[in-house]
Amino acid sequence: MGVVTDIRSRSRSAKLAAGVSCEKAGRSGKRNVSLFWRIFSLNAAGLVVATALLLGPVTVSTPVLAGEALILLAGLAALLAGNAVVLRIGLTPLHRLGRAMSTADLLVPGTRPEVSGPAEAAQLIATYNTMLDRLQAERAAGAGRALQAQERERHRIARELHDEVGQTLTAVLLQLKRVADRVPGELRDEVTLAQEATRAGLDEIRRIARRLRPGVLEELGLASALRSLAAEFTHHGLTVQHHIPGDLPPLAPEAELVLYRVAQEGLTNTARHADAARAALTLHPLPGDAGVELLVRDDGTGLGTAAEGAGIRGMRERALLIGAEIHFEPAPGGGTDVRLRVPAPPGDRCADRTGDSP
């Protein structure tokens, strides 16, 4: 089962175009004075007032009297204070934009900085938001192509392991059985050990092939595939409890594959790095037919302060591919929670709204 990206790319492009048009409409509907004209108007007003006073009855003595110096200093202070206020108001959106740029991560979609401030700052912030949306859409499309190629390669390797290596080991196992029936008694134990080692290797190859290509996902559906995954990890030293109902809302094939792969990677990380004894795998619908939520929880050592590895970033890329939200949080009582929220397919929501309307 491959990962479909063309329809999603077109829908994201449409959303991006709609967002840009909304921002342009908002800017056109609200008059915004540029920072240049704000500073120029303030300075021009100060110079006009000073010129009017000099051309009027007001004079400056030589040497300057104390009262006159006080008036001049007060006017200069007012002009400087006005410039400082205008610059502070005008540059605040740029500081906010700088903080947003320093913390931006294409794999962690977040809120966009508010389009506000003078015309130059508002245009710059809107351009940055548009650029970030375009980069995230392109990153998701690129991740979709990469994951699609990865899934094809997984299927090819699994097929070769099953068809080539698996059949070869099966033939070896049959040959060893024939040899065991004819060897002398003193060598029979060694042949039996060779049979057991070959049989264990064959079982391991089949297990690897199943993990590379989840045939149960294609044949029996997501719920059965997740239950089988929990049972597989339980047999390898980790107690995995699962709570997966059978009446899940309909999901796109690529969403089901992402859910399976995230659960697989979460349990793999738990078994390898968390030093956990128990884990829980939960999948339940979100309220209002908004989608489903997958939770992988363990009682291990937690995330700590280590940098994110390839496994976590891979899960983020898969979540970004289908427009899902993924969070890595400390679990209650210790351990780690991997929480993936997958939205319902847009077609189903539109159908629901159409069905409710008279």
Side-chain angles (χ1 to χ4, degrees), residues 1-5 8 106-109 139-159 161 206-234 236 238 240 242-244 248-274 279-284 291-298 303 308-328 336-345:
M1 177 169 55
V3 180
V4 180
T5 59
R8 188 179 305 104
L106 295 180
L107 293 180
V108 186
R139 177 64 180 266
R145 290 189 294 269
L147 292 175
Q148 187 178 20
Q150 185 183 75
E151 289 299 327
R152 286 198 300 265
E153 187 66 14
R154 283 172 177 262
H155 288 189
R156 185 188 66 80
I157 295 174
R159 186 170 56 252
L161 284 175
R206 289 173 178 170
R207 186 184 66 84
I208 294 174
R210 285 196 303 269
R211 295 193 64 188
L212 287 173
R213 185 174 184 267
V216 66
L217 180 61
E218 300 175 354
E219 298 167 1
L220 301 179
L222 179 62
S224 297
L226 291 178
R227 295 189 190 102
S228 175
L229 186 66
E232 178 183 342
F233 277 90
T234 300
H236 288 79
L238 181 67
V240 181
H242 59 81
H243 306 280
I244 303 167
L248 294 173
L251 296 170
E254 58 269 23
E256 292 186 350
L257 182 61
V258 169
L259 283 164
Y260 181 85
R261 292 301 186 194
V262 169
Q264 186 181 53
E265 185 65 32
L267 291 176
T268 300
N269 289 342
T270 298
R272 291 181 179 176
H273 310 297
L281 181 62
T282 306
L283 181 67
H284 62 86
V292 298
E293 181 182 80
L294 173 73
L295 175 63
V296 182
R297 172 175 293 174
D298 64 66
L303 294 174
E308 292 186 355
I312 292 181
R313 296 194 68 83
M315 286 190 279
R316 291 192 186 278
E317 288 183 350
R318 290 183 182 275
L320 184 64
L321 174 64
I322 59 173
E325 297 180 5
I326 187 167
H327 303 279
F328 302 90
T336 305
D337 278 358
V338 179
R339 197 179 299 271
L340 176 69
R341 293 187 179 94
V342 179

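Bear in mind the structure is a predicted one, so any value in this text is a computation, not a measurement.
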Could you give the distance from CD1 (I312) to OG1 (T336), rounded to the nearest 0.5 Å? 8.0 Å

Considering all heavy atoms, the nearest L222-E256 contact: CD1-O, 3.6 Å

Nearest-0.5 Å distance, CG of residue L267 to CD of residue E232: 9.5 Å

Would you say that H242 contacts F233 through its side chain, given a criterion of any heavy-atom pair below 4.5 Å between the two side chains? no

E325: salt bridge (Lys or Arg N to Asp or Glu O under 4.0 Å) partners, not counting sequence neighbours: none

Report yes if the side chains of Q264 and L229 come closer than 4.5 Å at any heavy-atom pair, otherwise no. yes

Is a donor on one side and an acceptor on the other found under 3.5 Å between the side chain of T234 and the backbone of V240? yes

Within the 4.5 Å heavy-atom criterion, are M315 and R261 side-chain neighbours or not? no

How many angstroms lie between CG in L283 and CZ in R227, if you round to the nearest 0.5 Å? 9.5 Å

Quick one: closest heavy-atom pair of A324 and P343, and the distance? CA-CD, 3.9 Å

Residues at least two apart in sequence or cross-chain that pass side chain to side chain donor-acceptor pair (under 3.5 Å) with H284, listed by chain then number, are E293

Would you indicate whether the side-chain heavy atoms of I244 and L281 approach each other to under 4.5 Å? yes

Is there a side-chain contact between N269 and V296 in this structure, where contact means two heavy atoms from C-beta onward sitting under 4.5 Å apart? no

In chain order, what residues pass the salt bridge (Lys or Arg N to Asp or Glu O under 4.0 Å) check against R156, with sequence neighbours excluded? E153, E160

Mind checking side chain to side chain donor-acceptor pair (under 3.5 Å) for T270 and listing every partner two or more places apart, or none if nothing turns up? D298

Kindly give the heavy-atom pair with the smallest separation between V258 and A319, and that separation in Å. CG1-N, 4.3 Å

Residues A279 and L238: closest non-hydrogen pair is CB-CD2, 4.1 Å

